Amino acid sequence: MSLATFIEFVVNTLSLGSLYALLSLGLVFVFGIMEMVNFAYGEYITVSAYILYLLGINTSLPWPLVFLLGILGGAAISVISEIVAFRPFRGRSVEALLVTSFAVSLILQYTAQITISPRSKPVPLPGFFNQSVNVAGVVTPIRSLLLIAVTVLLLAGFSLLMKKTVLGIAMRAAAEDFTTARLMGVPANLIISCAFAISGVLAGVVAIFWVGRSGSAEPLMGQAPLLISFIVVVIGGMHSLVGSVVGGFIYAAIANVLTLVLPTSLLSFREAIMFAIVIIFLVLKPAGLFRGSYVEERVG
Amino acid sequence: MTPQASQASAAAGLVLSVKDLSVSYGAVAALQDLSLEVAQGELVSLLGVNGAGKSTTLKAIAGVLKPTHGAITFQGQPIGGKTAEAVHKLGISLVPEGRQIFPMLTVAENLRIGAFGSYKAGSFAEDLEDMFQLFPILKQRYRQAGGLLSGGEQQMLAIARGLMARPKLLMLDEPSLGLSPTLVDQIFDLILSLKQRGITILLVEQNAERALQLADRAYLLSTGRVRFAGRPAEMSTQVDIAAVYLGEHGAVGAAVPDGAPAASASSATPGNPAASAGGAA
Ligand SMILES: Nc1ncnc2c1ncn2[C@@H]1O[C@H](COP(=O)(O)OP(=O)(O)O)[C@@H](O)[C@H]1O
Ligand SMILES: [Mg+2]
C-alpha cells in the first residue's frame with residue numbers, strides 16, 4: 001500500500017466513521033432512555049434534508065443559517081413526533097412503540113412524496129462542499145475534513161453536556177433506571193423531550209453531510225441511514241453511547257477495507273459481505289462490543 | 001377507628017394519610033383497602049412477610065404505582081395518581097428496596113440527582129457537608145462510581161441521596177436488607193438519629209424486632225391488608241411476631257382497623273374476641 005492510499009484510507013474511514021458515529025449516537029441515545037428502536041429516526045434526516053432543499057431553493061439565506069435551520073428542523077420533528085405519537089403509548093408495550101414509530105416513519109415518507117415530490121430533488125449546497133484540498137499529496141474533499149472536525153466538536157460538546165451539566169447527569173441516571181430517577185424528582189417528560197431533541201440534532205447534522213455526498217433529497221432517503229445506524233448500534237452494543245461511536249468507526253473501516261481489497265467483480269456484493277460479517281460478529285458477541293452495566297427499565 | 005389511629009390523627013400534624021388503598025398488578029390484587037397514617041415527627045414501621053405488600057404500599061404513596069381505589073393525602077393534599085416526580089416535589093423521598101443507586105454515576109452525581117428537584121447552590125453545599133458528617137465514607141468515595149461501593153456503602157448513599165431533597169417524609173424500604181450485623185446496627189443507629197432530628201419516617205423492615213424498638217407506631221401487613229395497627233408494645237403482646245413471619249395468620253390476635261372486610265379478618269383471628277373490636281370504623 002502506498003502512502004497516498006493509506007492517507008486516503010484513513011481520511012475516508014475517519015470521515016465515514018464520523019458520519020456513522022453521529023448517526024448511531026442519535027439512535028442509541030433514545031434507545032437508552034426509552035428502550036425503543038425509533039424507526040422514524042431515518043425520516044428526521046429526510047425532514048432536515050428537505051428543509052435544506054426548500055430554504056436553498058426559495059431563499060437567499062446565508063448557508064450557516066440554512067444549516068442551522070435544517071438542524072433545528074430535525075430536532076423539532078423529533079420532539080414533535082415524540083409528543084404527538086410516542087407519548088400516548090409510553091409505559092405500554094415495547095411493541096406498541098415500535099409499531100408507532102414505524103407508522104410515523106411511513107407518514108413522514110408519504111408526506112414528503114405528496115407535498116414535495118416522489119422523485120429526488122437537488123439540494124443547493126455551498127461551493128466548498130464540492131471542493132478538495134491537497135493533504136500530503138492526496139486530493140481530499142473539504143467536506144470530509146469538515147465532517148471530522150464537526151464530529152470531534154460535537155462529541156466533545158456532547159460529552160461535556162452528559163458529564164458536567166445537571167441535565168446530562170439526569171439523562172444518564174434516567175438511562176440507568178428511569179423509575180428511580182423519577183423518584184428523585186427528575187421529570188420524565190423533560191428527559192424524554194431532551195433525548196429526542198438531541199437525537200434530532202444529530203439527525204440534522206447527519207442530513208447535511210448525507211446530502212453533501214448525494215447532492216439530493218428524496219422521500220425514502222432515510223432508510224439507508226436507519227439501517228446503517230441499526231447495524232452499528234448492534235455492533236457497538238445497544239446500551240452504550242461509547243459503543244455506538246466506536247461501532248460507527250469500525251463499520252466504516254470494514255466498508256473501506258472491503259472496497260480496497262475486493263476485486264471489482266465482487267464490489268457489488270460489498271453490502272452482502274458486510275451483513276455476513278455482522279452476522280458472524282453477532283454470533284460471537286451477541287451483546288455487542290460494549291455492554292452497559294446497568295439494567296434497562298422502561299418508562300412506567 | 002383504633003385508639004392508636006385516632007391518637008395519630010389527633011396529633012398536631014397528620015403528614016400522611018392513606019385510606020382504603022387498593023393496588024393491583026394486572027389482575028393480581030396486591031393491596032386491598034389498606035389504611036394507614038403517619039403524624040408529624042413520627043417513626044412508623046410497616047412490617048410483614050415477603051410479599052405482604054409493603055413495597056407496593058410505598059410505591060403507591062411515592063407515585064410509582066397508580067392506586068385502583070382509595071385516597072392518599074399528604075399534608076392535606078390528595079396525591080393519589082400523581083406522578084413520582086410530582087409527589088417527590090411535595091416532599092416525599094423513597095429510598096427504594098435494593099438501594100437502586102445509579103451504579104455508573106459517581107457518588108457525587110448520585111447525590112446531585114437526589115437534589116434534582118430542590119437544588120439551591122447554598123443549601124446544596126450545606127446538605128452535602130451534612131451528609132459527609134452522617135456518612136464520612138461518602139466523602140472518601142465522592143468521585144467513585146456508585147457501583148464500586150460495597151453493599152453497606154451503597155445503602156448509605158441511597159439514604160443520603162434520599163435526604164438531599166430535605167424530605168418532609170422519608171420512606172425507607174428494607175434499609176437493612178442483605179447487610180452484615182455490624183452494618184445493620186449502623187443503619188438502625190442512623191435511622192434513630194434521623195428520627196431525633198425530627199424527620200418523619202415510614203420504615204419498612206423485615207427485621208421486625210429492631211424496627212419495633214425504634215417505632216412510635218407499627219402496622220402489620222399480610223396479603224395486602226393491615227392485620228394490626230398499634231404501639232410496638234401492644235404489638236409484641238398481641239401478635240406472635242415469629243409466627244407471623246412463618247406465615248401463620250392465626251398468630252395475629254389483634255384488631256384489624258378501619259373496616260377491613262370481616263371475612264378475612266375473622267378467619268385470620270379465629271377464637272379471639274379482640275378481633276371484632278377494631279372492625280367498626
Ligand atoms: N411487578 C410486579 N408484578 C406482579 N406482581 C407483583 C409485582 N411486584 C410485587 N408483586 C406482588 O405483589 C405482592 C406484594 O409485593 P410487595 O409489595 O413487593 O411485597 P413486600 O414488599 O411486602 O415483600 C406480592 O404478592 C408480589 O408477588
Ligand atoms: Mg418489598
Side-chain angles (χ1 to χ4, degrees), chain A residues 28-29 31-33 83 87-88 90-93 96 159-195 237-244 287 290-300, chain B residues 25 55 58-59 61-66 82-121 124 143 145-148 154 157-158 160-167 170-171 173:
Chain A
V28 85
F29 196 66
F31 181 84
I33 284 177
I83 291 173
R87 191 163 292 185
R90 202 192 284 168
R92 308 264 186 90
S93 66
S159 166
L160 277 181
L161 173 76
M162 296 305 285
K163 291 230 164 80
K164 299 292 174 200
T165 71
V166 188
L167 188 65
I169 297 171
M171 285 193 280
R172 280 159 54 218
E176 285 197 41
D177 182 345
F178 211 117
T179 305
T180 304
R182 296 182 75 181
L183 276 174
M184 305 293 126
V186 174
N189 288 343
L190 173 75
I191 293 302
I192 292 175
S193 288
C194 285
M238 293 297 274
H239 293 158
S240 169
L241 299 179
V242 175
S244 69
F290 292 78
R291 299 181 76 143
S293 66
Y294 49 83
V295 182
E296 286 291 334
E297 200 171 345
R298 282 191 311 114
V299 185
Chain B
Y25 295 99
S55 298
L58 297 195
K59 284 181 191 168
I61 295 169
V64 176
L65 297 172
K66 303 276 168 271
K82 278 194 194 297
T83 61
E85 52 263 41
V87 171
H88 182 266
K89 207 178 177 92
L90 294 173
I92 299 182
S93 267
L94 169 62
V95 179
E97 187 173 358
R99 330 185 214 293
Q100 311 296 355
I101 58 146
F102 303 111
M104 308 216 301
L105 267 55
T106 63
V107 169
E109 290 167 339
N110 269 280
L111 293 173
R112 182 63 187 80
I113 291 299
F116 185 90
S118 58
Y119 181 81
K120 286 187 203 72
F124 180 77
R143 294 285 163 206
L148 297 177
Q154 288 191 8
L157 175 57
R161 186 182 61 176
L163 288 170
M164 287 303 287
R166 297 193 178 182
L170 180 68
M171 303 196 292
D173 196 346

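Letters A, B, ... mirror the listed sequences (proteins, then strands); counts begin at 1. These figures come from a predicted structure and were not determined experimentally.
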Between [atom1] of [X] and [atom2] of [Y], what distance do you get to the nearest 0.5 Å?
X      : Y      : atom1 : atom2 : value
B/M171 : A/L183 : CE    : CG    : 8.0 Å
B/Q100 : A/E176 : CD    : CD    : 11.0 Å
A/N189 : B/T83  : CG    : OG1   : 8.5 Å
B/T106 : A/I169 : OG1   : CD1   : 7.0 Å
B/N110 : A/T180 : CG    : OG1   : 10.0 Å

If every non-hydrogen atom of A/A170 is compared with every non-hydrogen atom of B/F116, which pair is closest and at what distance? CB-CE1, 3.6 Å
Closest non-hydrogen atom pair, A/V166 against B/R112: CG2-NH2, 3.2 Å
With sequence neighbours excluded, residues passing side-chain hydrogen bond (donor to acceptor under 3.5 Å, both in side chains) with A/R172: B/E109
Other residues, nucleotides, ligands: >12 heavy atoms within 6.0 Å of A/K163 NZ: no
Contact class of B/A62 relative to chain A, heavy atoms under 4.5 angstrom: both
